[in-house]
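Both backbone and side-chain heavy atoms feed into the values below; hydrogens, waters and symmetry mates do not. In each ligand, atom 1 is the first atom listed, and ligand 1 is the first ligand listed. Source: prediction; values computed, not measured.
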Amino acid sequence: RTDEMILEVNNIEVIYNHVILVLKGVSLSVPKGGITALLGGNGAGKTTTLKAISNLLKSERGEVTKGSILYRGKRVQDLMPSDLVKTGVIQVMEGRHCFEHLTVEENLLTGAYTRGSSRGEIDADLNMVYDYFPRLKERRRSQAGYTSGGEQQMVAIGRALMSRPETILLDEPSMGLAPQLVEQIFNIVKSLNEKEGYTFLLAEQNTNVALRFAHYGYILESGRVVMDGPAAALRENPDVKEFYLGMS
Ligand code: ATP
């Protein structure tokens, strides 16, 4: 990890349908090679923040009306999502979104389409994904729609890896998964971060698990950052303990 901030969100406002102000000036910095968590309850604005970064708001009639988003110091707000992928940022959407009728392997291969790489390079990346997710190798010929929720989450992350990203925006990876699987997915995220150097920004309602794996956290409430700090400090903070970790 370095202190270089690869992604910077400066005081952004997001409005849906021209009237509903959902983000009211959110700022955050994501260091290269770190795992940064975006925390907060239902409706706090986590997904909106990720979609603002990856420029996916338009289809929901949302718009960044103030502030700036910089990736490697360059404004990325006006890039098409596919161009953003080429600059190295990819979002894994909440709810996983596999192509249900394709096999696991075909789903993974769809992640490589923006790259124009050779078959050899793509095969090497496929093997890297299978090294991290041995379960996907076992299931590679299965139709994705028939795999479990945990496997579909793995497919979604694996497909993102196939685009050779630098920074991965992960929306609610724990959603709908049993605790043991959540642990497994987060352990894989951790080793992808440590061994391959991927930068992660992840949105999570599960504060407990996110603060065990992340290096730094931001807590959102009603479209504002109300607290931020190193994960270890947040875990010990009395307010975080009471309101987000269910201890007091
Ligand atoms: P969740 O855990 O539900 O994903 P979140 O913290 O990610 O929560 P967002 O999905 O960003 O929250 O939603 C923030 C607020 O914006 C909510 O009040 C939600 O109702 C509102 N919102 C989200 N999408 C839209 C939309 N397309 N149009 C209008 N309002 C929206």
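- The aromatic rings of Tyr198 and Phe200 lie perpendicular to each other, with more than 60° between the two planes, well past the 30° mark.
- The shortest heavy-atom distance from Glu172 to ligand 1 is under 4.0 Å.
- Atom NZ of Lys190 is surrounded by 12 or fewer heavy atoms from other residues, nucleotides or ligands within 6.0 Å.
- Here's the thing with Lys46: one of its N/O atoms is less than 3.5 angstrom from an N/O atom of ligand 1.
- Heavy-atom proximity to Ala44, at under 4.0 Å, picks out these atoms of ligand 1: 5 (P), 6 (O), 12 (O).
- Each of the atoms 2 (O) of ligand 1 lies under 4.0 Å from some heavy atom of Gln205.
- Near Glu60, meaning under 4.0 Å from any of its heavy atoms, are these atoms of ligand 1: 27 (N).
- Contact between Gly45 and ligand 1 is present, with at least one heavy atom of the residue lying under 4.0 Å from the ligand.
- Ranking the protein heavy atoms by distance from atom 4 (O) of ligand 1 puts Thr47 OG1, 3.0 Å first.
- Between Glu4 and Arg72, at least one side-chain nitrogen of the basic residue sits less than 4.0 Å from a carboxylate oxygen of the acidic one, meeting the salt-bridge criterion.
- Using a 4.0 angstrom heavy-atom cutoff, Gly41 counts as in contact with ligand 1.
- Within the 4.0 angstrom cut-off, atom 20 (O) of ligand 1 has no protein heavy-atom neighbours.
- The shortest contact between atom 18 (O) of ligand 1 and any protein heavy atom is with Gly43 O, 4.0 Å.
- In this structure, the separation between CG on Asp125 and CG on Asp131 is 11.0 Å, given to the nearest 0.5 Å.
- Remark: side-chain polar atoms of Asn55 are not paired, donor with acceptor, to backbone N or O of Met80 under 3.5 angstrom.
- Counting heavy atoms under 4.0 Å from ligand 1, residue Arg61 does not touch it at all.
- Residue contact check: Thr48 has heavy atoms under 4.0 Å from atoms 9 (P), 11 (O), 13 (O), 14 (C) of ligand 1.
- The pair Glu183-Arg212 meets the salt-bridge criterion, since a charged nitrogen lies less than 4.0 angstrom from a carboxylate oxygen.
- Salt bridge Glu105/Lys137: absent, no basic N to carboxylate O contact under 4.0 Å.
- At a 4.0 Å heavy-atom cut-off, ligand 1 touches Val22 through the side chain alone.
- For atom 29 (C) of ligand 1, a protein non-hydrogen atom is found at a distance below 4.0 Å.
- A donor-acceptor contact closer than 3.5 angstrom is absent between the side chains of Thr49 and Tyr218.
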